[in-house]
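Everything on this sheet refers to the single structure shown next.
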Amino acid sequence: MPHDLPKAYEPGAIETRWADYWIQEKLFSVPTPPPGENRPVFTLLLPPPNVTGRLHMGHMLNQTQMDIIVRWHRMRGFLTLWLPGTDHAGIATQMMVEKQLAREGKKRHDMGREKFVERVWEWKREYGGAILDQMKRLGASVDWSREYFTMDDNLSHAVHEVFVRLYEEGLIYLGDYIVNWCPWHETAISDLEVKHQDVPGHLWEIRYPVVGAGEFITVATTRPETMLGDTAIAVNAKDERYTHLHGKKVLLPLMNREIPIITDELAQPEFGTGAVKVTPAHDPNDFQAGLRHNLPQINVMDEHAHMNQHAGRYAGLDRFEARKRVLHDLREQGFLVGEKDYTIALGTCDRCGTVVEPRLSKQWFVKIAPLAERAKEAVESGEITIVPDNYRQIYLNWMNNIHDWCISRQLWWGHRIPAWKCESCGELTVAREAPAKCKCGGKVEQVSDVLDTWFSSGLLPFTTLGWPEKTRDQAVFYPTTLLITAYEILFFWVARMIMFGCHFMQGHVQDPAIKKASGWADKKNDSVPFREVYIHALVRDAERQKMSKTKGNVVDPLDVIQRFGTDATRFTLAAMAAPGTDIAFNESRTEGYRAFANKIWNAARFMFMNLDRIGLVWEQPPSVVRPGQSPGSPGAGIAHFHPQTLEDRWILSRFNRVAADVNDALATYRFHEAANRVYDFFWGEFCDWYLELIKPRLNFEDGADKSAAQAACSNLVNLFEAALRLLHPIMPFITEEIWQAIYDGKPAVKSIALTAYPQADQKQFDLAAETEMAILQDLIVSVRNLRAELKVEPKAKVPIEIFAHELGIRTMIEHNRGALERLANVESIRFVEEALSNRVGARSTARFDVHVIYERKIDVAAECEKLKKELEKVERGITSGQRQLGNQQFLSKAPPSVVENLRKQQQELAVLKEKTLSKLKELSCS
RNA sequence: GGGCGGUUAGCUCAGCUGGUUAGAGCGCCUGCCUUACAAGCAGGAGGUCGCAGGUUCGAGUCCUGCACUGCCCACCA
């Protein structure tokens with residue numbers, strides 16, 4: 001059994017090898033289970049990355065957390081489906097290809113729609129898989145056989161079906177409204193795609209001459225160029241300053257057009273001059289006012305936000321240039337009467353940063369109120385849980401203030417709206433399939449707009465499971481169990497999935513046997529897209545700045561992986577992912593976790609070295625179980641570990657405690673806690689203590705007998721194997737590598753990923769062993785400590801004296817004297833029956849006094865200083881303890897265990913104080 | 001204009017429902033190449049938990065106010 005591993009862990013080759021293996025062996029593929037299946041099911045939909053995407057830290061955090069949860073469930077016997085795919089990402093992809101065309105000196109309009117779309121498909125085929133390839137490097141245990149793309153035929157059909165149904169139900173309508181328009185992308189965008197930014201601007205005051213009155217009315221505006229499209233002036237009916245002007249007209253400066261003065265609540269007396277210009281085609285509020293008063297809508301700009309023919313002599317100018325000219329002309333003609341600094345909340349396009357133009361245009365909308373109502377209920381009723389809790393309220397607030405959703409985009413790449421317009425009668429036909437001709441017999445043409453990308457991604461939880469057909473997959477896997485995602489897309493995506501899911505899956509029933517086994521029996525509503533949502537943090541750079549390409553502070557996960565390994569990078573993200581707080585990604589942590597991987601590696605080398613030398617025949621333990629076992633079944637811990645010694649009992653107990661904690665932490669998404677617990681166990685307990693303690697037993701050539709060595713070695717391998725399973729969800733690669741090596745290429749199952757996750761076994765808890773071990777550790781550390789203080793040569797063995805405060809402690813120490821001698825470099829141990837605390841080179845605790853016998857003079861001054869500090873600390877403890885114990889309130893109100901502990905502690909502190917004082921005296925400290 | 005989070009060691013962060021003398025990693029100091037590991041081992045220094053009040057027998061933890069900082073939402077000229 002050759003186990004010659006390199007001395008230092010080299011993640012690169014190992015990781016790609018296992019990543020490929022998992023895919024080739026189709027380990028994570030989940031065939032549709034037949035009726036009668038009663039295993040618990042866990043379903044997770046991968047938030048589909050954009051086909052144009054490149055892996056960033058956010059993805060990696062997201063995927064690490066998902067993979068941890070997924071592997072954990074799979075190992076606990078859940079039928080676990082993790083569904084991957086990519087999003088066609090309308091705007092992003094179209095832009096990408098347009099850029100490519102630009103380099104060839106081409107434009108999409110020149111080549112026409114059909115050819116352009118074909119070109120985008122070509123691009124997708126060539127480059128669209130990049131992000132998924134990167135995912136593979138992370139070890140994501142998704143079911144690749146079910147990979148989808150949002151523009152696949154079946155998914156596109158489902159999109160059309162949804163559109164037609166909503167239209168037929170009156171929940172989709174076509175209308176002329178003011179929408180957010182990005183002049184750069186030349187398309188409408190939704191409210192969510194507009195980012196508001198406070199920027200310094202101006203509030204200009206313009207006076208309009210009142211016709212036939214010989215006076216002016218002054219309005220305030222932040223956008224003077226839109227005055228060219230004014231169709232009224234509004235004042236508030238209650239505003240007495242303007243009562244005499246009601247019904248009059250003003251002459252619109254620069255345009256010489258007469259427009260009415262109207263009364264409308266749009267004008268608020270407190271703001272500015274109390275009078276406001278009304279531009280229905282360029283401002284949403286004015287638009288509404290315009291409808292109320294039946295005002296004309298004069299659109300003075302084109303789709304590029306250049307002034308058009310309605311802008312008179314400003315036609316052809318860019319909007320900002322037009323603003324300058326308009327202001328200049330108004331000033332010159334005496335109409336501009338004021339200019340104040342004013343902060344404006346400027347709306348910009350989420351993707352390109354261009355200032356968004358409110359634009360009047362014909363668009364398709366989803367009537368959101370009825371959908372939002374049920375989406376709200378689903379969360380309010382607890383049918384969907386949102387973790388952390390605070391996002392629940394944020395979600396509900398948003399649902400309460402939601403507006404209709406503009407879903408049409410003036411793009412070429414995406415799901416084209418299934419509506420056809422008649423060329424002769426103008427009638428619109430919405431249909432699943434293209435109609436041959438209009439009802440009137442006229443020729444029809446499909447409308448050119450495509451759907452918002454989020455429209456299709458909002459359907460994924462059911463369309464990926466075969467909807468609109470009623471499939472077995474839906475009965476089994478819908479509702480999906482969990483969604484893990486970033487806060488950023490809570491509204492874009494999560495909210496829409498809930499709305500669509502509740503609407504289209506209404507009446508759906510999950511297979512009852514599966515539902516019950518999965519633990520959802522108490523949930524009534526099976527239409528929800530997922531039972532739980534976990535919102536994770538944002539990954540920032542080490543300076544807490546949001547990572548962005550423009551700032552140039554983007555940390556490339558592949559680069560980090562290259563240098564430290566995927567496992568170490570995953571571990572970093574897990575260990576830093578305390579729910580609710582953002583992660584400032586710090587490479588020094590990753591470096592530390594690479595060291596952790598190396599530690600595990602070397603512990604494995606140590607194990608194999610002994611395995612080979614002792615010649616132990618390693619058998620498959622029954623703790624390795626096949627999928628199909630019930631979660632948390634017994635035997636999933638360490639079955640073949642037979643404690644012989646204190647350290648055996650201790651490590652077994654510790655392992656079970658850690659397993660309990662890790663399972664507990666994962667169940668509530670406390671990834672950092674799970675990671676830290678495994679880390680501390682593996683390094684701080686298993687490596688630092690257990691391995692050191694069992695070395696003499698393993699080393700049978702030195703006189704120990706071989707069967708004892710074999711027993712010790714067997715325990716070691718059992719423990720190690722279980723610890724690997726415990727760690728596997730977080731560090732899948734190194735655990736797989738070592739686990740496979742343990743079985744020497746002949747494991748009973750193909751991967752550690754298919755074994756059982758360790759569960760705590762109550763019978764293996766051993767409180768006595770933990771207590772005794774703590775004392776032994778304390779004793780060893782004390783001696784090491786004293787050696788350092790006395791400046792004993794590192795190699796010199798020293799004699800010590802011990803005063804054990806109880807017989808049981810003395811017995812325990814005697815049983816483990818070999819360990820003490822070896823780990824503290826002790827030559828001989830003498831037990832005495834008197835306090836040793838006043839000796840130089842002694843230390844005492846509640847359980848024992850220990851004295852290192854060594855000639856070398858100590859630094860009296862330094863020692864005094866230290867003792868005084870110690871004394872102060874002890875006295876502080878005594879004072880505060882006495883205060884509490886002297887307090888009747890405390891005694892009556894605090895739980896008895898707390899009081900009890902405090903009493904005990906006070907006794908110990910009193911002893912300690914006594915000892916410290918006598919030591920101070922001994923040294924004649926001043 | 002609303003809402004949410006953060007402020008704990010030099011740095012990056014833990015600290016769950018209030019309960020012994022507040023922890024980790026990195027960095028720093030001292031000493032060790034001890035036959036798994038120098039990406040290691042042993043030992044050590046370093047904190048009035050942002051500020052001010054309050055509740056409580058007891059507050060890093062709960063409440064109020066303030067300061068600084070970050071984020072999200074918002075069609076008022």
Pair partner, [N] [Watson-Crick or wobble, under 3.5 Å]:
N: B:rA24; result: B:rU12
N: B:rC33; result: none
N: B:rA45; result: none
N: B:rG65; result: B:rC51

What distance, rounded to whole Å, do you find between the two [atom1] atoms, one in [N] and one in [M]?
N: B:rG50; M: B:rG44; atom1: C1'; answer: 29 Å
N: B:rG46; M: B:rA39; atom1: C1'; answer: 25 Å
N: B:rU21; M: B:rC73; atom1: P; answer: 45 Å
N: B:rG23; M: B:rC37; atom1: C1'; answer: 26 Å
N: B:rC51; M: B:rC28; atom1: P; answer: 29 Å
N: B:rG15; M: B:rA45; atom1: P; answer: 26 Å
N: B:rC33; M: B:rG27; atom1: C1'; answer: 23 Å
N: B:rG3; M: B:rA9; atom1: P; answer: 30 Å

Which nucleotide sits closest to the side chain of [X]: [options]?
X: A:H196; options: B:rA39, B:rC37, B:rC75; value: B:rC75
X: A:W683; options: B:rC41, B:rA36, B:rC13; value: B:rC41
X: A:A595; options: B:rA36, B:rC32, B:rA39; value: B:rA39
X: A:A603; options: B:rC41, B:rC76, B:rA36; value: B:rA36
X: A:F606; options: B:rA36, B:rC75, B:rG40; value: B:rA36
X: A:N390; options: B:rG25, B:rC37, B:rC4; value: B:rC4

Requested in this report: Return yes if the base of B:rA36 and the side-chain atoms of A:E692 contain a donor-acceptor N/O pair under 3.5 Å, otherwise no.
Outcome: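 By the distance-only test, yes, there is a pair.
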What is the distance, to the nearest angstrom, from the [atom1] atom on [X] to the [atom2] atom on [N]?
X: A:L490; N: B:rC71; atom1: CG; atom2: P; result: 18 Å
X: A:R670; N: B:rG15; atom1: CZ; atom2: P; result: 9 Å
X: A:E591; N: B:rG27; atom1: CD; atom2: P; result: 7 Å
X: A:F682; N: B:rA39; atom1: CZ; atom2: C1'; result: 15 Å
X: A:F608; N: B:rA36; atom1: CZ; atom2: C1'; result: 12 Å
X: A:D198; N: B:rC72; atom1: CG; atom2: C1'; result: 13 Å
X: A:D664; N: B:rC16; atom1: CG; atom2: P; result: 14 Å
X: A:Y487; N: B:rC4; atom1: OH; atom2: P; result: 12 Å

Query raised in the report: 5'-most contact on RNA chain B: A:I344 or A:H672, nearest heavy atom basis?
Result: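 In this pair, the answer is A:H672.
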Report task. Return the 5'-most residue of the pair A:T221, A:D680 with respect to RNA chain B, ranking by each residue's nearest nucleotide. Result ->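 On the 5' side of the pair lies A:D680.
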Query raised in the report: In terms of side-chain geometry, is the basic nitrogen of A:D664 or A:R670 positioned less than 4.0 Å from the acidic oxygen of its partner?
Result: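 Yes, A:D664 and A:R670 are salt-bridged.
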With sugar-phosphate meaning primed atoms plus P, OP1 and OP2, does [X] contact a base, only sugar-phosphate, or nothing at under 4.0 Å between heavy atoms?
X: A:W204; value: nothing
X: A:L203; value: nothing
X: A:M576; value: sugar-phosphate
X: A:Y9; value: base
X: A:D688; value: sugar-phosphate
X: A:K277; value: nothing
X: A:E205; value: nothing
X: A:K695; value: base
X: A:A597; value: nothing
X: A:E673; value: nothing
X: A:Y342; value: sugar-phosphate

Taking the six-membered ring for Trp, are [X] and [Y] parallel (under 30°), tilted (30 to 60°) or perpendicular (over 60°)?
X: A:F686; Y: A:Y690; value: parallel
X: A:Y487; Y: A:F491; value: perpendicular
X: A:Y593; Y: A:F571; value: tilted

With a 4.0 Å cutoff (strictly under), does any side-chain N or O of [X] reach OP1 or OP2 of [N]?
X: A:K195; N: B:rC73; value: yes
X: A:K797; N: B:rU34; value: no
X: A:W689; N: B:rA42; value: no
X: A:K599; N: B:rC37; value: no

Query raised in the report: Would you say A:Q562 has more than 12 foreign heavy atoms packed within less than 6.0 Å of its CD?
Result: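 Not more than 12 within 6.0 Å, no.
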Report task. Return yes when atom CD of A:E339 has more than 12 non-hydrogen atoms of other residues, nucleotides or ligands closer than 6.0 Å, and no otherwise. Result ->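 Yes.
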Query raised in the report: How far apart are the closest heavy atoms of A:R207 and A:T218, and which atoms are they?
Result: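 So the minimum-distance heavy-atom pair works out to CB-OG1, 3.6 Å.
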**Report entry** Heavy-atom pair of closest approach, residues A:A712 and A:R697
**Finding:**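 Closest heavy-atom pair between A:A712 and A:R697: CB-NH1, 3.8 Å.
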**Report entry** salt bridge (Lys or Arg N to Asp or Glu O under 4.0 Å) between A:R563 and A:E591, intermediate numbers included
**Finding:** CA-CA 9 Å; A:R563 284 182 297 142; A:E591 209 174 332; over 6 Å; no
Nucleotide N/O of nucleotides 43-45 of chain B paired with protein N/O under 3.5 Å:
from, atom 1, to, atom 2, distance (Å)
B:rG44, OP1, A:N785, ND2, 2.8

**Report entry** side-chain hydrogen bond (donor to acceptor under 3.5 Å, both in side chains) assessment of A:R847 paired with A:T845
**Finding:** CA-CA 5 Å; A:R847 316 298 179 88; A:T845 71; over 6 Å; no
Query - Passing option when A:W601 is tested against A:F720, A:Y9, A:F608 for ring pair (Phe, Tyr, Trp, His ring centres under 6.0 Å) - result: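 In the set A:F720, A:Y9, A:F608, the residue that makes a ring pair (Phe, Tyr, Trp, His ring centres under 6.0 Å) with A:W601 is A:Y9.
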Query - Audit row: A:R223, A:E225, salt bridge (Lys or Arg N to Asp or Glu O under 4.0 Å) steps and yes/no - result: CA-CA 6 Å; A:R223 301 203 48 202; A:E225 69 281 10; 3.1 Å; yes
